[in-house]
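Worksheet for the structure shown next.
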There are 2 protein chains.
Amino acid sequence: MRHDSRLSRMLHVLIHMDRHEGAATSETIAAMLNTNPVVVRRTMAGLREKGYVSSEKGHGGGWRLGRPLSEMTLLDIYEAVGEPAVFAVGPACDQPACLVEQAVNAALSEAFEEAEKLLLSRFGKVTLADIARDFDARMARYPASAAHAGAGWHS
Amino acid sequence: MRHDSRLSRMLHVLIHMDRHEGAATSETIAAMLNTNPVVVRRTMAGLREKGYVSSEKGHGGGWRLGRPLSEMTLLDIYEAVGEPAVFAVGPACDQPACLVEQAVNAALSEAFEEAEKLLLSRFGKVTLADIARDFDARMARYPASAAHAGAGWHS
DNA sequence: CTTCATGTAACTTATGTTGTTTCAAGACTC
DNA sequence: GAGTCTTGAAACAACATAAGTTACATGAAG
């Protein structure tokens, strides 16, 4: 089962936007993510609904942050991107009336819920500003590896 | 993203097998899971490799437990069924050289690894016998809801 | 030697995600 | 107002993966 990378991608974009002067167009962002502009709009729409970004049409338009990185957590973006399913594996429902199946699903659900609770509580404690700080630290160590050097994101 | 229900299904089957006299054919199992025999063989093959079940061809053949339920944990079956991916969401790899992406993925991986560790450690502590006991308790409470009453599994 | 059952390969179907095309509509420049 | 840049959104195609199906070989019991 393949991973959904939308969360990771959006975090990536948001941090770049923070360092970017002016609005970023869907096309610029798409180039950064190796994807295409329509997909970017589709995914960013979720973030816009929650106010984490705003978009403007027309000349000079594009996407801007709706609030500082310090006021967005991983959990916020996770929810905005719309991923109710954390786990790739889950309970079956082949014979809902079967008490064996019920016992199995109870055991699994308990374990999954506990792990999900831990994951989301962790997500809630990490702000995008924390990640940006980590980026700065990496940048200081490896200044040569600047991000997207040729893409106009860090002139 | 859809759930993979193979783990749940296999647990279901194994517990039924424990209560079942003689070998269970792929066809019987398939009926129980609302699927078909070839899919059953495919999935059970993983369990056979690890010795949790054995199979016999020919008349009177089918599947049998390879060891008592008390000697199989959720973790064992999880691994046998071959699901390296616990999570439905994961890191992107669009610009591996980008330090922002690296910082994002580091933050995500840390959280995911911690949650996975918790989940698997929990899995390791639950045996199938534990689940079977829970089934017995449910059975005592709701004797009418017997499992797969018409399918020949609990005559 | 017939029947029953697994083992396996190849193919089809179903589902969901991603990518693409297309056009409408708003906003800025001239 | 004309032209251009940009998002919004719908409709469609392409792709990947899991699940289901078909077909046939192999082995074991009667």
Side-chain angles (χ1 to χ4, degrees), chain A residues 1-10 13 17 20 22-49 52-66 81-85 87-94 152, chain B residues 1-10 12-13 17 20 22-49 52-66 81-85 87-90 92-94 152:
Chain A
M1 189 160 286
R2 266 187 77 79
H3 281 165
D4 185 330
S5 58
R6 283 176 298 165
L7 173 60
S8 173
R9 285 180 153 188
M10 287 303 102
V13 167
M17 284 171 68
H20 191 237
T25 66
S26 303
E27 195 157 3
T28 307
I29 295 172
M32 180 171 74
L33 297 179
N34 275 322
T35 182
N36 83 40
V38 178
V39 174
V40 170
R41 287 183 203 122
R42 219 143 57 186
T43 313
M44 302 275 286
L47 303 189
R48 185 184 48 221
E49 273 172 26
Y52 302 125
V53 297
S54 63
S55 60
E56 288 167 47
K57 291 179 176 176
H59 221 113
W63 300 87
R64 289 170 196 278
L65 288 183
V81 121
E83 297 182 279
F87 297 103
V89 13
C93 198
D94 303 311
Chain B
M1 190 157 288
R2 267 186 78 77
H3 281 165
D4 184 331
S5 57
R6 285 176 298 165
L7 173 59
S8 173
R9 285 180 154 189
M10 288 303 101
H12 185 179
V13 168
M17 285 171 69
H20 192 236
T25 67
S26 302
E27 196 157 2
T28 307
I29 295 172
M32 182 173 74
L33 298 178
N34 276 322
T35 180
N36 83 38
V38 178
V39 174
V40 170
R41 288 183 203 122
R42 220 144 54 188
T43 313
M44 302 274 285
L47 303 189
R48 185 183 47 221
E49 272 172 27
Y52 303 124
V53 297
S54 63
S55 60
E56 288 167 48
K57 292 180 176 176
H59 223 109
W63 300 87
R64 290 171 196 275
L65 288 184
V81 120
E83 298 182 278
F87 296 103
V89 12
C93 199
D94 303 311

To the nearest angstrom, the CZ-P distance between B:R42 and C:dA9 comes to 11 Å

Check the distance between C:dT18's P and A:M44's CE and give it to me in whole angstrom. 16 Å

Expressed as a whole number of angstroms, how long is the span from B:H59:NE2 to C:dC4:C1'? 6 Å

From CZ of A:R41 over to C1' of C:dT20, roughly how many Å is that when rounded to an integer? 12 Å

Result of checking A:L33, A:V39, A:N34, A:V40 against A:N36 for side chain to side chain contact (heavy atoms under 4.5 Å, CB included): A:V39

Once salt bridge (Lys or Arg N to Asp or Glu O under 4.0 Å) is applied, do any residues pair with A:E49, and if so which ones, sequence neighbours excluded? none

CD of A:E27 versus P of D:dT6: gap in Å, rounded? 8 Å

Please confirm whether the backbone N or O of A:A92 pairs with a side-chain atom of B:S8, one donor and one acceptor, at under 3.5 Å? yes

On DNA chain D, nearest-nucleotide positions of A:G61 versus B:R9: which is more 5'? A:G61

Which sits closer to the 5' end of DNA chain C, A:T35 or B:A45, going by the nucleotide each is nearest to? B:A45

For B:W63, which of B:H20, B:E56, B:R48 qualifies under side chain to side chain contact (heavy atoms under 4.5 Å, CB included)? B:R48

Choose from C:dG26, C:dA9, C:dT20 the nucleotide whose nearest atom is closest to any side-chain atom of A:V39. C:dT20

With a non-hydrogen cut-off below 4.0 angstrom, is A:G62 in contact with a base, only sugar-phosphate, or nothing? sugar-phosphate

Closer than 3.5 angstrom, by distance alone: can the side chain of A:T25 be matched with the main-chain N or O of A:T28 as a donor-acceptor pair? yes

Length of the line joining A:N36:CG and D:dA13:P, which is rounded to integer Å: 17 Å

Between C:dT18, C:dT8, D:dA9, which one does the side chain of A:V38 approach most closely? D:dA9

How close or far is atom C1' of C:dT6 from atom CD of B:E56, stated in whole angstroms? 11 Å

Please determine if a side-chain N or O atom of A:S55 lies less than 4.0 Å away from the OP1 or OP2 oxygen of D:dG8. yes

NE2 of A:H3 versus P of D:dA18: gap in Å, rounded? 12 Å

